[in-house]
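Because only heavy atoms are used, hydrogens play no part in the values below, and waters and symmetry mates are left out as well, while side chains stay in. In the text below, chain A, chain B and the rest are named by the order of the sequence lines, each starting its count at 1. This one's a predicted model, so the numbers in the text were calculated from it and none came from an experiment.
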Amino acid sequence: MSFEYIGITVLWLFLYGYLIVASIDFGAGFFAYYAKLTKQDHIINQLISRYLSPVWEVTNVFFVFFFVGLIGFFPDTAYYYGQTLLIPGSIAIVLIAIRGSFYAFENYGSKHSMLYMFLYGGTGLLIPASLSTAMTISEGGFIEETGNGVHLLYGELLTSPYSWSVVVLAVVSVLYISATFLTYYAARADDEPALQLIKKYALFWSSPTIIASLTTFIAMSQHNREHFQNMIELWWVFGLSVGFFMIALFLVYYGKYYGWAFISVMFQFFFAFFGYGASHLPYILKPYITISDGLTSEPMAIALIIAFIAGFCLLVPSLFLLMRMFLFDADYVKGKK
Amino acid sequence: MELDSVILSRMLTALTLAFHIIFATIGVGVPVMISLAEFMGIKKKDPHYTLLARRWTRGFVITVAVGVVTGTAIGLQLSLLWPSFMQIAGNVISLPLFLETFAFFFEAIFLGAYLYTWDRFKNPIYHWLLSIPVVIGSTMSAFFITTVNSFMNTPQGFELEGRTITAIEPLAAMFNPATPTKVFHVVASSYLASAAILAAITAFYMLKKAITPYQKKAMKLTAVSVFIFAILTAVAGDLSAKFLAEHQPEKLAAGEWHFETERGADLIVFGTLNDEGEVENALRIPKALSFLAHGDFNAEVTGLDQIPEDESPPLWIHYMFDLMVTLGFYALGVSLLYLIFMSMKKWNENNKLLLWLLVLNGPFAMLAIEFGWIFAEVGRQPWILRGYMKVAEGATTSPHVGWMLLLFLTLYAVLATGCILVIKKIFKGNPAEVELEQRYPEITGKDGGRT
Ligand code: HDD
Ligand code: HEM
Ligand code: HEM
């Protein structure tokens, strides 16, 4: 495999990782707030906070890793995305900042402040919406390069059906992924009332997810025919994704193998995400950056890959330890520790 | 001065960094203090120290959260505000930036584990061991980011022809001439500032509430740490000055108002410049600048006369340097005084005056960090990459930076307020003495809650 494929695969894996862990986190914040609003917080909030407390910082690092890695492997992205995303990027930063800090404020300081919960519950849905802009503009047609730099065409972006369908897809996916994970977590904790409530959320958010995916497909066919054609050629990947969606839905409905249900959801998104990514190539940002001529120099690419392997060897055991302590330690999950 | 996007980008970068650096400094230094306290608690079997570690950790989590989000902000803002610079930086210096994310990962994982496992292990040493990766992770992040900043001051490891970069050597770029002294000074000063802030909080509590054995031990631990770290910081600062004299003479010359190249140069402390650009009202220490720069009272020190006019940094950084050094000696002096009082049996080290001086030392040390960074960053002007790229060439051309500046100003105001309110709340309703009794009822009986 050449450097550009190694690079983009690593980055895409981390973005996928972020997609999963951040969705769980964002959705959980929203559900906690929603439960509080509907006075059901006594049922699930304890559970949510047991999961979230030890891992929220790790979630953020996934994101940092992705954008730092992207600039490292493909430095041109700093220039094009940097010039164009000043406003959406700054809004995303502000939302992430509010969410992260008010999560800590609420959790370690002012227990159960309604305002703080609103801040981190609400921002949890707005962050994916604003981050999805970066994905949308990569399809081309939203940027112009003139004599004095590169600019984002706000009018096009805000009136494009494609960009709105991506926003909707991002938001509903967050809620769906999060709800299936929390269903599993509640089942592990033997917390029957929480399980019943969250399971309802999971079932509820499944159909919007699949509808939004289809809508995005259709919008893509209008916006970027070439990419759409590539996706059609990879039809089997998206077929697998739909297959896993069915399995997950069935398992949650059937109500026994929640762990497998969540794994199916992970596969569902894995295939959809990699299908999307693979069909997007060779462009990173159409038509300005492709993976081959956007790649950093060879010595840097080698250095980054070595750094990545070394870092990975350090992280995997550490992450494993964390999961054993908090995710798979039945006593902790049940609240006995 | 016109508020174009270059100036506004600089203001926004400075704002975010000035805010992040407060939390980053605490993030680097406080884990060391926590680890130290927990270790002493285990070693001496003294729950006072363990409780100290526990309570520091609780405040620390809040500052970490703000550190993480402001760090994410500066990380993204570098690309948003300096896209052309980051394009080059991405090619040459992305290795340490990338490694830094692993350090964050490592720290984040073990911090999560550390926070939630206080009572899980039978042998407390296992819990203490979890603090080590946190210390390593945060100090390594300081190391990696500081190499990036060093690179901006003394870039190497690449060749630039027009806008194409060739002959890239990632390790040479990372281990550039500025790296050793800068890393040493940044890490030492972070430890110093963190210890100083913890000492200040303890001193404040002793003044306002009561002097208990718990507070006394906290005071002793933090004051000794301040003293040691202040010495290290001063040594590192001296080495930094020697580095500047050799590799970045214009920064040193502007910082010291050293206009003419000469041997046996005097060190100018404070003072003002008159309309002719002559120094007035200053304290002159004969030949001290030569010593600071080269370790020899008669050595030659490059002056601003050797530097092209359009490449010399603004002269006001002189005050930043002097304030940093003054506050450094203040920390050294106050902690030394405390140690002297402590070693004299007859003297009471916890007297009102000394405690007030220690309270002041906390904010002073953080100010010294800010002054130090302003000196280092503005002293690099007009370059963003010294010798290769000027700040104006690196900036975004977007017309909306002004609004973003307002947006972030509001954000940081909200975060600062929230942070202060929450930390106050955590400790107000839960004084150490009460917690001590709840957690360790066996000891409060025998050595008493108060003296
Ligand atoms: C508690 C904070 C603190 C204290 C007491 C001092 N410094 Fe400092 N100084 C810093 C905190 C700092 C810093 C924030 O860490 C800086 C900013 C950038 C850097 O590399 O370190 C810095 C930069 C800095 C530089 C510029 C380095 C460069 O640009 O490469 C010099 C020459 C010194 N310092 C010298 C000193 C001396 C001679 C001190 C005498 C005791 C001193 N500092 C005390
Ligand atoms: C790759 C990294 C960095 C970039 C691109 C960068 C760039 C800049 C720029 C362009 C300015 C404005 C200069 C001016 O106003 O005259 C600035 C200021 C500043 N930077 Fe850096 N810098 C970097 C690293 C750092 C680091 C690691 C720190 C430490 C926290 C730091 C601390 C500061 C501070 C405190 C200021 C404010 C100076 C002032 O008030 O003008 N910088 N930086
Ligand atoms: C250009 C300058 C800087 C950039 C781009 C930057 C970037 C970041 C980022 C992205 C994070 C969040 C990481 C996470 O998600 O956990 C962060 C946090 C942190 N930064 Fe910075 N940083 C800069 C300057 C500094 C400096 C100068 C120091 C040390 C003196 C420092 C020390 C830390 C630490 C220790 C954290 C972890 C948060 C905490 O424990 O409080 N950073 N930084």
Side-chain angles (χ1 to χ4, degrees), chain A residues 53-55 57-58 60-61 63-65 67-69 71-83 85-87 89-94 96-105 108-110 148-149 151 296-297 299-300 303-304 307-308 311 314-315 318-319 321-322 325-326 332 337, chain B residues 58 61-62 64-66 68-70 72-73 75-77 79-84 86-88 90-92 94-95 97-102 104-106 108-113 115-117 120 133 165 168-171 396-398 400-401 404 407-408 411 414-415 418-419 422-423 425-426:
Chain A
S53 310
V55 302
E57 201 191 342
V58 177
N60 195 60
V61 189
F63 177 54
V64 173
F65 186 100
F67 72 73
V68 171
I71 293 167
F73 277 107
F74 303 101
D76 289 351
T77 53
Y79 180 72
Y80 284 96
Y81 277 117
Q83 286 276 21
L85 288 182
L86 180 65
I87 292 179
S90 298
I91 292 174
I93 299 172
V94 170
I96 290 174
I98 290 185
R99 189 189 148 73
S101 45
F102 280 87
Y103 174 71
F105 293 170
Y108 304 115
S110 279
N148 60 2
H151 300 282
T296 186
S297 65
M300 185 55 88
L304 291 178
F308 176 75
L314 184 75
L315 284 190
S318 322
L319 267 176
L321 188 75
L322 188 73
M325 276 181 179
F326 297 109
Y332 176 79
K337 271 191 186 165
Chain B
R58 231 171 287 151
V61 192
I62 304 292
V64 168
V66 182
V68 167
V69 298
T70 51
T72 310
L76 282 168
Q77 266 177 6
S79 296
L80 297 174
L81 297 173
W82 309 99
S84 310
M86 281 309 279
Q87 198 177 15
I88 295 193
N91 273 303
V92 191
S94 52
L95 179 64
L97 282 173
F98 192 60
L99 286 170
E100 193 192 10
T101 62
F102 283 107
F104 287 143
F105 242 126
F106 195 58
I109 290 172
F110 283 94
L111 186 63
L115 286 178
Y116 290 93
T117 52
R120 251 207 217 184
I165 311 157
I168 293 168
E169 295 172 58
L171 287 177
T396 179
T397 51
S398 167
H400 307 293
V401 186
M404 298 301 115
L407 180 70
F408 281 97
L411 173 70
V414 171
L415 292 187
C419 194
V422 169
I423 292 184
K425 199 164 171 180
I426 293 181

Item to check | Intermediate values then yes/no, side chain to side chain contact (heavy atoms under 4.5 Å, CB included), B:N91 and A:M300 | outcome: CA-CA 7 Å; B:N91 273 303; A:M300 185 55 88; over 6 Å; no

Checklist entry - So A:F65 and B:F98, would you call those rings parallel, tilted or perpendicular, with 30° and 60° as cut-offs? => result tilted

Item to check | Under 4.5 Å from any heavy atom of chain A - which part of B:L99 | outcome: side chain

Item to check | Smallest separation among heavy atoms of A:S101 and B:A65, with atom names | outcome: CA-CB, 4.4 Å

Checklist entry - Does the side chain of B:E100 come within less than 4.5 Å of A:V68's, by heavy atoms? => result no

Next on the checklist: Using every non-hydrogen atom in the two residues, find where A:A97 and B:L415 come nearest and quote the distance to one decimal.
Outcome noted: O-CD2, 4.2 Å

Item to check | Which atoms of A:F308 approach chain B - backbone, side chain, both or neither, heavy atom under 4.5 Å | outcome: both

Checklist entry - Going through the distances and angles, do B:I109 and A:L315 end up as a side chain to side chain contact (heavy atoms under 4.5 Å, CB included)? => result CA-CA 9 Å; B:I109 290 172; A:L315 284 190; 4.2 Å; yes

Checklist entry - In Å and rounded to the nearest 0.5 Å, what is the CG to CG distance from B:L76 to A:L85? => result 9.5 Å

Next on the checklist: Before you tell me yes or no, could you show the steps for B:L80 and A:S90 under side chain to side chain contact (heavy atoms under 4.5 Å, CB included), namely the whole-Å CA-CA distance, both residues' side-chain angles and the distance that decides it to 0.1 Å?
Outcome noted: CA-CA 8 Å; B:L80 297 174; A:S90 298; 4.2 Å; yes

Checklist entry - Would you say the side chain of B:M86 lies within less than 4.5 Å of the side chain of A:P75, judging by non-hydrogen atoms? => result no

Checklist entry - Considering only heavy atoms from C-beta outward, does the side chain of A:I87 approach that of B:M404 to under 4.5 Å? => result yes

Item to check | A:F67 side, atom CZ; B:L97 side, atom CG - distance, nearest 0.5 Å | outcome: 9.5 Å

Checklist outcome for this item: Minimal heavy-atom distance between B:L95 and A:A303, with the atoms involved, is CD1-O, 3.7 Å

Checklist entry - Do the side chains of B:S94 and A:L304 get nearer than 4.5 Å, heavy atoms only? => result yes

Item to check | B:V92, part contacting chain A, at a heavy-atom distance under 4.5 Å | outcome: backbone

Checklist entry - Distance from B:F106 atom CZ to A:L314 atom CG, nearest 0.5 Å? => result 4.5 Å

Item to check | CA sep, side-chain torsions, deciding dist, call: A:Y79, B:S84, side chain to side chain contact (heavy atoms under 4.5 Å, CB included) | outcome: CA-CA 6 Å; A:Y79 180 72; B:S84 310; 3.7 Å; yes

Checklist entry - If you look at every heavy atom in B:A108 and A:V61, which pair is closest and at what distance? => result CB-CG2, 4.1 Å

Item to check | Nearest heavy atoms of A:I93 and B:F408, plus distance in Å | outcome: CG2-CE2, 3.7 Å

